[in-house]
Amino acid sequence: MKIGIIGAGNIGGNLTRRLSALGHEVSVANSRGPHTLTALAEETGATPVPVEEAARGAQVVVVTVPLKAVPDLPAGFLDGAADDVAVLDTGNYYPQQRDGKISEIEEGLTESRWTERQIGHPVIKAFNGTYAQDILDKPQPKGTPGRVALPVSGDDEAAKKVVRDLIDELGFDTVDNGGQDDSWRQQPGTPVYGNTGGVDEIRAALAAASPERTADWRA
């Protein structure tokens with residue numbers, strides 16, 4: 001597939017590495033410009049591009065930037081993507097550590113629903129509770145006992161299937177966490193966040209989540 005990745009930090013960089021190695025055509029962008037991605041491009045074969053071009057022709061677009069930077073993404077950055085593009089959101093709200101106060105989230109809007117409103121497109125939430133190094137170190141063939149499972153949330157079932165199939169190709173199982181109104185179950189501070197268990201453990205962790213945001217994760 002043609003995949004655009006916006007954000008070349010720990011998660012974005014390692015997804016670029018893995019997806020390129022699997023044979024996908026990857027374009028990668030960051031806020032500092034393509035000239036800062038030369039080393040990653042040489043390592044992976046991915047194509048460094050401006051953010052405005054990352055989604056061009058893409059069937060999957062990964063948005064993996066700090067939450068506070070989402071409103072700064074260029075208007076129309078998804079223009080030119082495939083009509084049925086799946087937008088994968090890896091983001092988290094870190095009010096004390098990075099993002100400052102976002103009132104709508106503090107008032108109960110899920111983080112990915114807020115992101116959808118900023119970019120004007122539905123998203124599929126995944127990889128937000130995954131350690132970046134695990135993307136390189138923990139893939140296993142389908143059917144392997146103890147294979148790590150990732151929760152996935154989203155309202156668009158077709159896009160969700162594309163993302164779940166891609167995660168399976170990357171070497172991880174998935175657990176469907178329902179729509180974006182339920183995506184609070186995989187936000188920071190919940191039992192599934194950072195959890196590297198298998199399908200049963202991830203299902204149990206999602207079921208055990210509380211919608212109340214704890215003090216560590218409030219502004």
Side-chain angles (χ1 to χ4, degrees), residues 3-9 11-12 15 27 29-31 50-56 58-130 150-164 166-167 174 176-190 192-193 206 209-214 216-219:
I3 299 173
I5 297 180
I6 300 174
I11 295 286
L15 285 175
S27 295
N30 66 8
S31 61
V51 173
E52 293 86 348
E53 297 178 15
R56 189 169 296 167
Q59 295 148 285
V60 175
V61 174
V62 182
V63 176
T64 181
V65 301
L67 209 68
K68 66 179 181 180
V70 169
D72 299 328
L73 291 170
F77 75 95
L78 291 172
D79 293 353
D83 290 341
D84 57 352
V85 63
V87 180
L88 170 55
D89 167 33
T90 76
N92 290 308
Y93 176 46
Y94 297 127
Q96 298 176 31
Q97 301 88 343
R98 183 188 67 195
D99 297 316
K101 181 177 180 180
I102 298 176
S103 296
E104 298 96 321
I105 296 176
E106 293 287 339
E107 293 163 7
L109 189 68
T110 65
E111 297 166 12
S112 284
R113 186 70 80 196
W114 181 85
T115 294
E116 288 181 337
R117 293 183 179 182
Q118 305 310 305
I119 69 173
H121 196 283
V123 303
I124 306 298
K125 187 178 188 75
F127 287 108
N128 71 291
T130 307
L150 307 183
V152 181
S153 303
D155 300 327
D156 183 332
E157 292 300 324
K160 188 189 290 184
K161 183 179 188 307
V162 170
V163 170
R164 294 182 72 183
L166 193 62
I167 292 172
T174 58
D176 190 339
N177 184 45
Q180 288 305 0
D181 289 339
D182 292 318
S183 63
W184 56 267
R185 293 183 181 275
Q186 64 185 92
Q187 292 177 170
T190 62
V192 82
Y193 182 75
L206 290 168
S210 167
E212 183 177 351
R213 191 179 291 276
T214 60
D216 288 343
W217 304 104
R218 293 199 302 266

Please answer whether the main-chain N or O of [Y] pairs with a side-chain N or O of [X] as donor and acceptor at a distance below 3.5 Å.
X: K101; Y: A219; answer: no
X: N30; Y: A8; answer: no
X: Q187; Y: E111; answer: yes

The criterion is side chain to side chain contact (heavy atoms under 4.5 Å, CB included); which residues satisfy it with [X], sequence neighbours excluded?
X: A209; answer: W184, R185, T190, P191
X: E107; answer: S103
X: D216; answer: T214

Indicate the atoms forming the closest heavy-atom contact of [X] with [Y], along with that distance.
X: A82; Y: Q59; value: CB-CA, 4.2 Å
X: A54; Y: A29; value: CB-CB, 4.0 Å
X: G91; Y: N128; value: O-CB, 3.7 Å
X: G154; Y: I124; value: CA-CD1, 3.8 Å
X: G178; Y: D182; value: CA-OD2, 4.5 Å
X: V70; Y: V65; value: CG2-CG2, 3.8 Å

To the nearest 0.5 angstrom, please state how far the [atom1] atom of [X] sits from the [atom2] atom of [Y].
X: E212; Y: R218; atom1: CD; atom2: CZ; answer: 6.5 Å
X: K125; Y: T110; atom1: NZ; atom2: OG1; answer: 7.5 Å
X: I167; Y: L88; atom1: CD1; atom2: CG; answer: 6.5 Å
X: L15; Y: I3; atom1: CG; atom2: CD1; answer: 9.0 Å
X: D156; Y: E116; atom1: CG; atom2: CD; answer: 9.5 Å
X: I105; Y: N92; atom1: CD1; atom2: CG; answer: 10.0 Å

Open item on the list: Counting C-beta onward and ignoring hydrogens, is there a side-chain heavy-atom pair between I6 and V61 closer than 4.5 Å?
Closed with: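 Yes - at least one pair of side-chain heavy atoms lies under 4.5 Å apart.
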
Task: Non-hydrogen side-chain atoms of F77 and I119 separated by less than 4.5 Å - done: yes

TODO: Sequence neighbours left out, what pairs pass side chain to side chain donor-acceptor pair (under 3.5 Å) with at least one residue falling in residues 63-91?
DONE: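 The answer is T64-T90, D89-S112.
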
Open item on the list: Using the rule side chain to side chain donor-acceptor pair (under 3.5 Å), only one of D155, D176, T174 pairs with K160; which is it?
Closed with: D176

TODO: Kindly determine whether H121 and V85 satisfy side-chain contact (heavy atoms from CB on, under 4.5 Å), including the steps that lead there.
DONE: CA-CA 10 Å; H121 196 283; V85 63; 3.7 Å; yes

Task: Pairs where residues 87-110 contributes a residue and the test ring-ring contact (aromatic ring centres under 6.0 Å, His included) is met, not counting sequence neighbours - done: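 Sorted result for residues 87-110: Y94-W217.
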
Open item on the list: Evaluate V63 against V123 for side-chain contact (heavy atoms from CB on, under 4.5 Å), listing each step before the verdict.
Closed with: CA-CA 9 Å; V63 176; V123 303; over 6 Å; no

- [ ] List in chain and number order the residues that pass side chain to side chain donor-acceptor pair (under 3.5 Å) with N177, two or more places apart in sequence or in another chain; answer none if no residue qualifies.
- [x]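 Side chain to side chain donor-acceptor pair (under 3.5 Å) list for N177, sorted by chain: S153, Q186.
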
- [ ] Step by step, work out the side-chain contact (heavy atoms from CB on, under 4.5 Å) result for V162 and V60.
- [x] CA-CA 8 Å; V162 170; V60 175; 3.7 Å; yes

